[in-house]
Amino acid sequence: MNKGFEQVIANNQGRIRYIASRYSLHNEFDDMYQEILMQLWRSFDSFKGSSSIETWLYKVALNTACTFVSKSIKHKELQQAISAVVRPEGVPGQENCQAVILDKFMNSLTDIDASILMMYLDGLTSDETGDVLGITANAVRVRVKRIKTVFEEQYIGEES
Amino acid sequence: MKLDDLKTSWQEQVKEPSEQENLAALSDALNQLEKETSKLDKSIKRRDFLEISIALLLIPVWCWKLFYSAGLMQTVGLIVLILACIYIPYKLLKAKQIKAPKSSSVSDFLRVEKQKLENQKQLLETVAWWYISPIFLGIILVTLGAQLDESGVPQINSQMWSYYGFCTLLVIGIYGLNKRAAKKQFSPMINKVDQRLKELAN
């Protein structure tokens with residue numbers, strides 16, 4: 001299992017990092033990241049491949065993030081291992097203008113709308129996003145449209 | 001700028017691979033933590049089992065005491081304690097019985113999580129009725145019933161007054177702490193889950 005799991009983390013650490021960053025309060029990032037990894041690790045055995053790995057990952061990560069309560073118990077070795085994997089910047093791509101705009105816009109959205117936007121940008125279909133969140137594909141489309149409108153109202157005419 | 005313009009940039013950023021050697025250490029640390037968490041889960045289950053076992057084991061003791069009851073007051077007290085020893089484990093077990101989510105989607109997960117939290121909050125808020133009152137009442141009746149004079153009136157000496165005073169303070173303390181935990185710990189968590197559910201519905 002270890003190798004398969006390592007591969008999943010290797011391919012998805014940016015997503016996990018972003019979810020942990022988006023949903024955590026200022027000083028909770030490490031705890032949240034650790035908890036998401038732990039839940040992914042636990043449910044990895046039960047992942048049967050009936051959905052895509054991204055869908056599974058979003059479900060587990062968002063379920064964990066939505067109900068996260070910071071624990072005072074720290075696991076030193078895991079913290080060290082996380083530090084070695086997670087880049088110090090914390091959130092993806094602060095280095096370019098588009099990422100800064102996106103980050104700013106993402107922070108202006110509700111948690112659920114931010115999740116929908118993440119999955120949309122990630123290329124998940126409305127059906128897949130609906131499956132992750134437990135809402136209809138149509139509801140997802142309506143909300144994506146609404147998010148797009150808000151974005152365009154705020155950033156219309158701005159160059160990337 | 002349109003939102004779709006950011007898609008490529010986003011996908012490039014979230015797909016940055018990690019170094020394999022660091023991931024191996026991460027995997028080992030997770031494995032270790034999982035073992036420790038399993039141990040913790042087992043100790044919690046053991047504690048619950050112990051609490052329930054003690055309650056159930058006390059039932060025959062109270063039943064046996066019934067045969068040597070000093071009078072009606074003590075009998076009533078013992079019956080109250082027997083019923084409490086049956087009801088308390090039932091209440092604790094019932095609060096843990098949560099229907100599994102229909103799917104692993106965020107909305108189903110949140111609904112189940114909300115139910116779990118509400119059950120726990122309700123347990124704490126009503127602790128006076130299902131835990132404190134029956135035990136306190138049972139103890140009072142049993143001890144008072146053991147000190148009746150010939151005319152059937154309880155004779156309470158200063159030692160017993162101190163004992164009842166101590167029990168009362170203890171009961172008030174337990175009640176206050178439980179109420180506080182329900183309000184401070186569970187209410188904000190329920191509100192947070194509720195907020196997410198509302199966001200999903202909008």
Side-chain angles (χ1 to χ4, degrees), chain A residues 2-3 5-7 9-15 17-18 34 37-38 41-43 56 59-60 62-63 66-67 69 75 77-78 80-82 84-85 87 92-93 96 98-99 101-102 110-113 115 117-118 120-123 131-135 147-148 151-152 155-160, chain B residues 1-38 40 101-114 116-117 185-186 188-190 192-193 195-202:
Chain A
N2 286 7
K3 284 287 163 203
F5 184 75
E6 284 165 24
Q7 202 52 53
I9 299 302
N11 295 339
N12 295 280
Q13 71 129 324
R15 291 185 181 92
R17 198 173 62 217
Y18 200 90
Q34 177 178 317
L37 282 184
M38 194 68 226
W41 174 262
R42 281 181 177 165
S43 61
W56 166 77
K59 269 185 192 173
V60 177
L62 289 175
N63 282 344
C66 279
T67 52
V69 178
H75 191 267
E77 284 165 28
L78 184 55
Q80 283 168 353
I82 287 172
V85 174
R87 287 186 309 162
N96 75 60
Q98 282 195 342
I101 289 172
L102 183 59
T110 64
D111 289 339
I112 297 297
D113 280 348
S115 313
L117 179 56
M118 273 184 234
Y120 174 75
L121 293 172
D122 221 354
D131 182 38
V132 170
L133 296 174
I135 57 177
I147 293 167
K148 274 183 180 180
F151 181 83
E152 281 160 23
Y155 297 100
I156 194 99
E158 284 192 29
E159 293 303 318
S160 58
Chain B
M1 186 196 297
K2 294 200 169 184
L3 195 58
D4 289 312
D5 298 339
L6 303 176
K7 256 187 180 177
T8 318
S9 158
W10 164 269
Q11 286 178 11
E12 277 169 7
Q13 283 153 19
V14 296
K15 281 174 187 167
E16 273 177 24
S18 306
E19 286 174 41
Q20 210 64 38
E21 58 193 85
N22 291 337
L23 286 166
L26 179 67
S27 190
D28 289 343
L30 282 167
N31 214 356
Q32 184 59 33
L33 183 57
E34 175 67 6
K35 279 181 194 159
E36 286 172 23
T37 314
S38 302
L40 184 70
K102 287 176 202 162
S103 72
S104 54
S105 71
V106 173
S107 63
D108 282 339
F109 184 84
L110 287 176
R111 277 187 203 104
V112 170
E113 202 60 27
K114 189 182 167 190
K116 272 188 204 169
L117 291 169
Q185 194 182 341
F186 287 97
M189 283 156 75
I190 292 171
K192 187 178 161 187
V193 173
Q195 177 65 30
R196 299 263 151 80
L197 280 169
K198 275 181 196 156
E199 283 175 20
L200 269 171
N202 282 336

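These numbers were taken from a predicted model, which means no experiment stands behind them. Order of the sequence lines sets the chain letters (A, B, ...), proteins ahead of strands, with each chain counted from 1.
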Q | Contacting region of A/Asp131 [heavy-atom separation from chain B under 4.5 Å] | A | backbone
(Q) The criterion is side-chain hydrogen bond (donor to acceptor under 3.5 Å, both in side chains); which residues satisfy it with A/Lys148, sequence neighbours excluded? (A)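 Listed in chain order: A/Tyr120, B/Asp4.
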Q.
Which atoms of B/Leu110 are under 4.5 Å from chain A, going by heavy atoms: the side chain, the backbone, both sets, or neither?
A. side chain
Q: Sort out for me which of B/Lys192, B/Met189, B/Lys114 touches chain A most, counting heavy-atom pairs under 4.5 Å.
A: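 The answer is B/Lys192.
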Where do [X] and [Y] come nearest, in terms of heavy atoms and distance?
{"X": "A/Leu102", "Y": "A/Tyr18", "value": "O-OH, 4.5 Å"}
{"X": "B/Phe109", "Y": "A/Thr67", "value": "CE2-OG1, 3.5 Å"}
{"X": "B/Ser105", "Y": "A/Leu133", "value": "CB-C, 3.9 Å"}

**Q.** Top contributor to chain B contacts, counting heavy-atom pairs under 4.5 Å, from A/Leu121, A/Leu62, A/Asp111, A/Leu117
**A.**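 Heavy-atom pairs under 4.5 Å are most numerous for A/Leu121.
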Q. Among A/Gly123, A/Ser115, A/Gly134, which has the most heavy-atom pairs under 4.5 Å with chain B?
A.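 Looking at each of A/Gly123, A/Ser115, A/Gly134 in turn, A/Gly134 comes out on top.
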**Q.** Side chains of A/Lys59 and A/Trp56 in contact at under 4.5 Å (non-hydrogen atoms)
**A.**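 No - every pair of side-chain heavy atoms lies 4.5 Å or more apart.
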